[in-house]
Each structure stands twice: as structure tokens, then as C-alpha cells.
Amino acid sequence: MNEKSGFEPKIVAFLCKWTTYAAADLCGVSRMPYPPNISIIRVNCTGEITADMILSAFEDGVDGILIGGCRPGHCRYEDSNLKGSNRVYLLKRALKEFGLNPERIREVGIAGAQGLIFQRAVEKFTADIRALGPSPVTDHA
Amino acid sequence: MPKPKSVAIYAANGCGGCSQSLLVSDRLSALLDAVHPVFWATQPGDVTQAEIEQYDDREIDILLYAGPVYDDESIATAQLLRRVAKRIVAYGACAHLGGLCGLANLAPEATLHLAPSKDGRFIQPLSAVIAVDYILPGCPPPPAMIARMVDELFLGDELPPAGTVFAATKAVCAECDRRHLATPLTAIKRFHATPPDPEVCLLDQGYICLGPVTRGGCAAVCPRSDRPCTGCAGPLAGVHDQGGTILHALASLVRFTGPDGQRREREVLDSIPDIAGTAYKYSVAASALKRRVNDGS
Ligand code: SF4
Ligand code: SF4
Ligand code: FES
């Protein structure tokens, strides 16, 4: 088993293009560094993230999934972010029955101007996943 | 390949339902008229590995394999069968997806009565251990799908293309004529506690029906009999994780308006009983995660 100290988490971030993705972009143009552990996938809205997207990422060996959208009430598509959040909420119940720690998925809502908040959110999530250790899902498709 | 001349049935690891489904099929006599039956193993020991080894490579034209693979011995048997058979059909939900047996993959190991395979994978679909040519879904396969398999595989002029699934490409819902409601879902119901309205979509009434994520071809027999579809035919083409996808749909359907809408929605989601057993009834072993993991939590 991997020593937790030498372990570099692999994190996939699904980010809404209107807000959290813009915050990530702002980090980039402002040269605010954040851990290189995350691979960002831009989505139109967190409401378009499917169970297959999340589960396939775990199947492929990611250690954590960050979902970044608009704050409640700020979604460009009515309340799609809340719908997306309900889906994640229910999926986490199923993950628990599979023994996977639901803390491996984190949802954040960060406005486009909040580069600093994005930087800290990635730092925090990376540290928390590092502490959890590698994903126990090892049977990759 | 010319028309098949021989068939063998290996259903030794199954519950018996798959053998039964073929026995009661109205195509059984047509099948046995068309091809020579080599063996029909219904329980462990009916055909031993030593006996299978007696056959030449690819001597058996079509092998129907029912039941899951679960330990080193069943994997070795599947590999032997692969060697002696030209074409293999994963017959029924266990061979296709791990089936009901796959629920054991979620149980703590200490509670299992069988030793898992060396690699610790336990219940697996047949395709996880050998190449499978065709799939006949269902628990057990419904009569219409069995008829289609017999007609296309044994009675046609040409073999169907490799990878054929003897089921529909559309979802069970496409074969179900229950009408839809325009009202959102506000409570989860269980059919043994509250009888469903016979005309209205079960999902719209709050019964967890896997019709939208499940391959059709069964003529929607369950919803036509006032029972929700439990997903035995496996995921619709394009759906990877059948259980996760029905949970996605369910979470989308529950809706309350007003300031505490989301809190009430989550209360309804919390009330869904036996979430993995319901959403992944036949598909745990074929799901993205495949089995219980130990995440130290
Ligand atoms: S969800 Fe079930 S009851 Fe509703 S249309 Fe689909 S198969 Fe029929
Ligand atoms: S309705 Fe669903 S559970 Fe029933 S036979 Fe068809 S696929 Fe299987
Ligand atoms: S548009 Fe940003 S979460 Fe919906």
C-alpha cells in the first residue's frame, strides 16, 4: 500500500463555466498557484454532471472529485445546480454502501471573481484527500 | 461460420431459473430439432473440468453459459469452455451482469460462505473473465428474447454479428403504456404497502421503477403486472452504471417548491430504502465500482 506521505492525489474537478471555472481561470491569469493535482473539466452547469461521469472517474482511479458551480440562487439555468446537488447527495448514499468514503466528493460554489477562494478550496480539498489516502477502487475498466 | 450443428448448456452455477426458462420456451423443440445437444449441465458436477477437456478446441458450435463466475474454479471452468466452444452466449442476468448474486459483492467478506477468487474479485460477469460473443439478458431471460436468440442464432441463415444483445435497443419504458403525470414526485412508495394505480407510470407515482435505464425487449412484463421494473435486462446502451443512473433520475424527479424545497426533497431522498439493493439489484458486479471497497470509513 502506498505510504500516505508519498501519495499525490489525483483529483478531477467538474467546474461550471459561468463561475467556478472562471475563478480557476482568474487564478491562472493572476498567477495564483494551486496544487497541480486537479484536472479541470469545464461543464456548462453542475446540473449536467451525470452519475456516469462521477462513477467512471472513480472507476478510472481518481482519488477525489471536486464539483464547483454557482452559489445557490445564482445558477444560470434556474435551480439546476440544486438539482445536481440533490443527485450527488443521493449518489453519496449509494457510494457508502459500496464502502467508498463520500468525503471523496466535495461540492463548492465559487463566484467568478473569487480566485482566492478557489485557490484555497483546491488546497483544502487536496490536503483532505491526501489525508484520506489513495482511493481503494483498484479494479479499473 | 455455417449454421451451428451443436449446442451445449452450462448452467451449473445458476439458480436453475435460466435452465427453466429454456425448458418452458416455445422454441425448445425447434432448437433441439436444429442442433445436437452436447450437454446440459444444471448443477455443479454435471459436467466436470476433466470431461470438458475431452472436447476438441472449438468443437461445440454454441455454448449457452448461465450463472455468474465467483471463484478460481468457476473461472477455470469458464476458460475451458471458452476453448471448446466456437461461440458463447452469456445467458441471463448472472452471466451478463453478475446478477442477483452480485449483491454478495456488497456484503462484508466475513459473512460470505464462499472463498473469493485469488484476486478477491468474487462475483463477476462472464465477460470479465472470458470473451463473450452474445448476450441474452434477463432474470431469467423473458420468452420473447429467448425466441429471438433461437431464431437468429440457430435457425437463421447467417449468425448474428458478434456482440449482439438479444433484446431491444430502447428502454423498457418504450414498451410500457402507462400514462405519465405532469405532477412532480413528492413521496417514495413501495408496492406491497400501497397498491399502485394500474394506468399511471409507476415512477411518476413514486414506485422505484428502473424502466428508464433498462434495456427493453421483455414487453415491459413487470410494469404490465403492476410491478416496477427491477432492471433485470441490464443497462440501456449508452448507460454505463445502471444503478447510479436511476438514482440520478430519481433525484431529478423529486421536487418541492418554496424556500425549504431542497430540505424536503432531501427528506424524500433519505426515505429511499435499500438504495444499492434497489438501484443495483442485478448489476453490482457490472457497475463502475463492482464490489465493496475498504475506504477506512
Ligand atoms: S418508469 Fe416504469 S412504469 Fe413508468 S413508463 Fe417506464 S417502465 Fe413504465
Ligand atoms: S420489466 Fe424490467 S425487471 Fe421485468 S422482465 Fe423487463 S427488464 Fe426485467
Ligand atoms: S450555471 Fe453554474 S451551476 Fe448552473
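We name chains A, B, ... by the order of the sequence lines, and we start the count at 1 in each one.
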>> Need one label for A:S85: side chain, backbone, both or neither, based on atoms under 4.5 Å from any heavy atom in chain B.
In response: both

> What pair of heavy atoms forms the shortest contact from B:I275 to A:A94, and how long is it?
Replying inline: CG2-CA, 4.0 Å

> How many angstroms lie between atom CZ of A:R87 and atom OG1 of B:T245, to the nearest 0.5 angstrom?
Replying inline: 11.5 Å

>> Are there residues of residues 29-55 of chain A whose heavy atoms fall under 4.5 Å of chain B's heavy atoms? If so, which?
In response: A:I49, A:T50, A:A51, A:D52, A:L55

>> Do B:N105 and A:F98 make a side-chain contact, defined as non-hydrogen atoms from C-beta onward lying under 4.5 Å apart?
In response: no

> What residues of residues 73-82 of chain A sit under 4.5 Å from chain B when only non-hydrogen atoms are counted?
Replying inline: A:D79, A:L82

> Roughly how far, to the nearest 0.5 Å, is the CG atom of B:L250 from the CG atom of A:N86?
Replying inline: 11.5 Å

>> I'd like to check the salt bridge (Lys or Arg N to Asp or Glu O under 4.0 Å) partners of B:D71; sequence neighbours left out, ordered by chain and number.
In response: none

> So which part of B:D270 gets closer than 4.5 Å to some heavy atom of chain A, the side chain, the backbone, both or neither?
Replying inline: both

>> With side chain to side chain contact (heavy atoms under 4.5 Å, CB included) as the criterion, how do B:L289 and A:L95 come out once you've worked through the C-alpha distance, each side chain's angles and the decisive distance to 0.1 Å?
In response: CA-CA 9 Å; B:L289 300 184; A:L95 291 182; 3.6 Å; yes

> For B:R121, is it the side chain, the backbone, both or neither that has a heavy atom under 4.5 Å from a heavy atom of chain A?
Replying inline: side chain

> Which residue pairs satisfy the salt bridge (Lys or Arg N to Asp or Glu O under 4.0 Å) criterion with at least one member in residues 90-104 of chain A, sequence neighbours excluded?
Replying inline: A:R104-B:D295

> Where on B:A279 is there a heavy atom nearer than 4.5 Å to chain A: the side chain, the backbone, both, or neither?
Replying inline: neither

>> Let me confirm one number: the CG-CG distance from B:L247 to A:L91, rounded to the nearest 0.5 Å.
In response: 6.5 Å

> Under the 6.0 Å and 45° cation-pi test, does B:R266 pair with A:Y89?
Replying inline: yes

> Looking only at heavy atoms, what is the nearest atom pair of B:H240 and A:S56, with distance?
Replying inline: CD2-OG, 3.5 Å

